[in-house]
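Notes for the one structure printed next.
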Amino acid sequence: MISRYTYGNCIETEAVLEKPETGAEPMPFFAVDTKEMTLTYQMGESDRVYGLGENLRGINKRGWIYVSKCTDDPEHMEDKRSLYAAHNFLVVDGQETFGVFVDDPGILSFDIGYTKSDELKVKASDWNLDVYVITGTDVKDIVRQFRCLIGRSYIPPLWAFGYGQSRWGYESEDDVREVVKRYRDLDIPLDSVYLDIDYMERYKDFTVNPKTFPNFPDFVKEMREEHIHLVPIIDAGVKQEEGYPVYEEGMAKGYFCTKEDGTPFVAAVWPGKAMFPDMLNTGARAWFGNQYRFLLEQGIEGFWNDMNEPSIFYTEDRLNEVMQKLEEYKGKNLDLHSFFEFQGLVSGLSNNEEDYQAFYHNMDGVRIRHDKVHNLYGYNMTRAAGEAFERLEPEKRILMFSRSSYIGMHRYGGVWQGDNKSWWSHLLLNVKMMPSLNMCGFLYTGADIGGFGADTTEELLMRWLEFGIFTPLMRNHSAAGTRQQEVYQFEKTDGFRHVIRLRYRLIPYLYSEYIKAALRDEMMFRPLSFDYPEDSYASQVEDQLLLGNELMLAPVCEQNARGRYVYLPEEMKLVRFLQDGTMKTRICPAGHQYIDVPLTDVVFFLRPDCCIPLAKPAQCTQEIDFENVRLLSYVKGNMASYEYYHDDGYGKDYDNPDHISILFTTEEG
């Protein structure tokens, strides 16, 4: 059951499609303090708290304070409180089990046993919010009800489940050709190459550099003949430049955010001085979405939206102030305090809180300061694209995912998990975020495999890929100035080929599970505790996940480890794929055990009386034989069956019953 409680004058986020009637006070579970603008729940000693989508720390969020504020900060360390998204949904499971969604686009904090160990306190920065309280039979039922409330998750094209190679630094057609050639020469599967900001003409959205990509439509066609999709980036900031049509039209129509006095708000990002399209304005959103036509007409079928928290390098006004203050330090003997003040002037330019309070939106006739709706910006940028694709390519699925998001954006695209680092801790963070993102409707997700910033290692990349082959978005992405991390840059190319080829064998299963989860408002990835609620130890396991109803994953997330301890809530079949192409299996009893996992082995577990479809190896999704699949099974009883979803991968008739087949096998196979 879902009850809604409204406080103040709520800003419409459109996260919820059909709002239930407002419930009768008092709100269950929480003590409401309108003066302090807080909701407080007294937790039991063994209560666990799940959710908050893309965020830091563990699957169980208890013991830390989290802030819903879309933040461009790649240093995802334990002391941080925000990442790139704001997903204000959580479930308390323990003495009482319920879910709560706080629909508020402003800044919220979730103090989950940080200040007081037994207290969950939600604090709003402004008391204008809708609160949804959800009760049900168990955690999975509560999540399902919430997902029904917020609408169907985005469904990408089939090719988007293939392996993608990306790097900030592919500056020309020849750079891309070299990437594709190296993969094809080594017989390593590949479906897409991502184009970061280098493809643009001087970092201008919806342009292509004519010197480095002289005939872009022909190049797109050339890549498609190689079964490669090019996926360009689109940034939030529009370059301020006379003669640039997107800038001039946006200015003429009043589609950019302004300062309080109505003058243009100018902030710097990649192209230098830039304007932010007013994504919260219906007209501006439609206008910006229509700009994607420029690339769609050249054969592009996928995009990734970036810098849309929005990220600000500096504002013109603040830069002038800092420059003036820096003059005062010339010739001075800088002591401890004055040096840190000096240092802080420059470091404080980026994403400055005061800058987010300095510009305004026109929300269809209502002027509102940006910080009141900060978390809606990236959501509505991606919504602009998603709505445009329905107008411009109504019969085709277009790949779309974003860095920043709010609940509701899941209907228009997926998310990648931000600008992470080549750290083992970020591989583990990738694992832990998968269930919480699924809870909030984001099914098409994954991390930058190998890490975006810093220098990866061959071992870290291998282990990350061994988990990444199971995530819907499987992209190797790295930053300019870091070590090259295409898999052919390393020695163990045979091992990388083996792992990535296994991804393509698994795609019939992964794609089927994805579509079913989207159509049925279910989770694709779950903590063990969701399926084994009576198992007290399962709730403590944070580095293993259930995938679909059939698999359990236990990735290796530690340097130099050649195995790991695994907890099995029940007897399962261990499946091991070796580099030589062979597969070995054995039955493992329930309980704790140590599993050997050599560097190039891929190991997972199959639950009892379950089976999954496996395809023959392929070089791209277009070559996968979805009809003649092999069943990998663990039959304890008489038979195991699997509900197999398969369609053409491009159309939108998802609910067609002809797409469903029942596959089954007996103990004898």
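Model, not experiment: these values are computed from the prediction.
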Without hydrogens or angle criteria, can the side chains of [X] and [Y] be said to hold a donor-acceptor pair below 3.5 Å?
X	Y	answer
Asp174	Ser172	no
Ser166	His477	yes
Glu178	Tyr170	no
Asn430	Gln417	yes
Arg167	Asn476	no
Gln622	His227	yes
Gln619	Asp187	yes

Answer yes when [X] and [Y] have at least one side-chain N-carboxylate O distance shorter than 4.0 Å, and no when they do not.
X	Y	value
Arg463	Glu459	no
Asp306	Arg403	yes
Glu522	Arg147	no
Asp531	Arg526	yes
Glu226	Lys181	no
Asp625	Arg630	no
Arg497	Asp494	yes
Arg564	Asp543	yes
Glu387	Arg383	yes
Asp218	Lys221	no
Glu643	Arg520	yes
Lys396	Glu301	yes
Asp596	Arg576	no

Out of Tyr504, Tyr642, Phe470, which one pairs with Tyr509 under the ring pair (Phe, Tyr, Trp, His ring centres under 6.0 Å) rule?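 Only one of Tyr504, Tyr642, Phe470 forms a ring pair (Phe, Tyr, Trp, His ring centres under 6.0 Å) with Tyr509, namely Tyr642.
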Rounded distance [0.5 Å steps], [atom1] in [X] versus [atom2] in [Y]:
X	Y	atom1	atom2	value
Ile469	Leu510	CD1	CG	8.0 Å
Leu632	Cys611	CG	SG	8.5 Å
Thr445	Met433	OG1	CE	7.5 Å
Phe206	Asp235	CZ	CG	10.0 Å
Phe604	Leu551	CZ	CG	5.5 Å
Phe525	Leu546	CZ	CG	10.5 Å

When you measure from the centre of the six-membered ring of Tyr194, is the NZ or CZ of Arg475 under 6.0 Å away and within 45° of the axis?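 Geometry flag: set, cation within 6.0 Å and 45°.
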On the six-membered ring of Phe626, is Lys616 placed so that its NZ or CZ lies under 6.0 angstrom from the centre and within 45° of the ring axis?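 Here Lys616 fails the 6.0 Å and 45° test against Phe626.
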Taking all heavy atoms of Ser422 and all of Ala454, pick out the closest pair and write down the distance.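 For Ser422 versus Ala454, the nearest heavy atoms are OG-O, 3.5 Å.
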Looking at Gln579 and Gly495, what are the two nearest heavy atoms and their distance?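 For Gln579 versus Gly495, the nearest heavy atoms are OE1-CA, 3.6 Å.
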Can any side-chain N or O of [X] pair as donor or acceptor with the backbone N or O of [Y] at less than 3.5 Å?
X	Y	result
Arg505	Ala615	yes
Gln485	Ile449	yes
Asp191	Thr621	yes

Dump the intermediate steps for ring pair (Phe, Tyr, Trp, His ring centres under 6.0 Å) on His76 and Tyr84, then the final yes or no. CA-CA 10 Å; His76 306 169; Tyr84 296 93; 5.7 Å; yes
Evaluation steps, side chain to side chain donor-acceptor pair (under 3.5 Å), between Asp647 and Tyr645: CA-CA 7 Å; Asp647 60 18; Tyr645 182 100; 2.9 Å; yes
is_close_aromatic([X], [Y]), centroid dist under 6.0 Å:
X	Y	result
His87	Phe442	yes
Phe496	Tyr183	no
Tyr50	Phe530	yes

Check the pair Lys211, Glu201 against salt bridge (charged side-chain N to carboxylate O under 4.0 Å, His left out), reporting the backbone distance first and the verdict last. CA-CA 9 Å; Lys211 295 180 180 179; Glu201 180 186 4; over 6 Å; no
Out of Val208, Asn209, Thr207, which one pairs with Tyr199 under the side-chain contact (heavy atoms from CB on, under 4.5 Å) rule?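 Of the listed residues Val208, Asn209, Thr207, the side-chain contact (heavy atoms from CB on, under 4.5 Å) partner of Tyr199 is Val208.
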Walk me through it: do Asn308 and Ser402 pass the test side chain to side chain donor-acceptor pair (under 3.5 Å)? CA-CA 8 Å; Asn308 53 356; Ser402 170; 2.9 Å; yes
Ring pair (Phe, Tyr, Trp, His ring centres under 6.0 Å) assessment of Tyr511 paired with Phe161: CA-CA 7 Å; Tyr511 183 76; Phe161 288 80; 5.3 Å; yes
Residue pair Glu393, Arg293: steps toward the salt bridge (charged side-chain N to carboxylate O under 4.0 Å, His left out) verdict: CA-CA 9 Å; Glu393 297 278 7; Arg293 183 197 300 269; over 6 Å; no
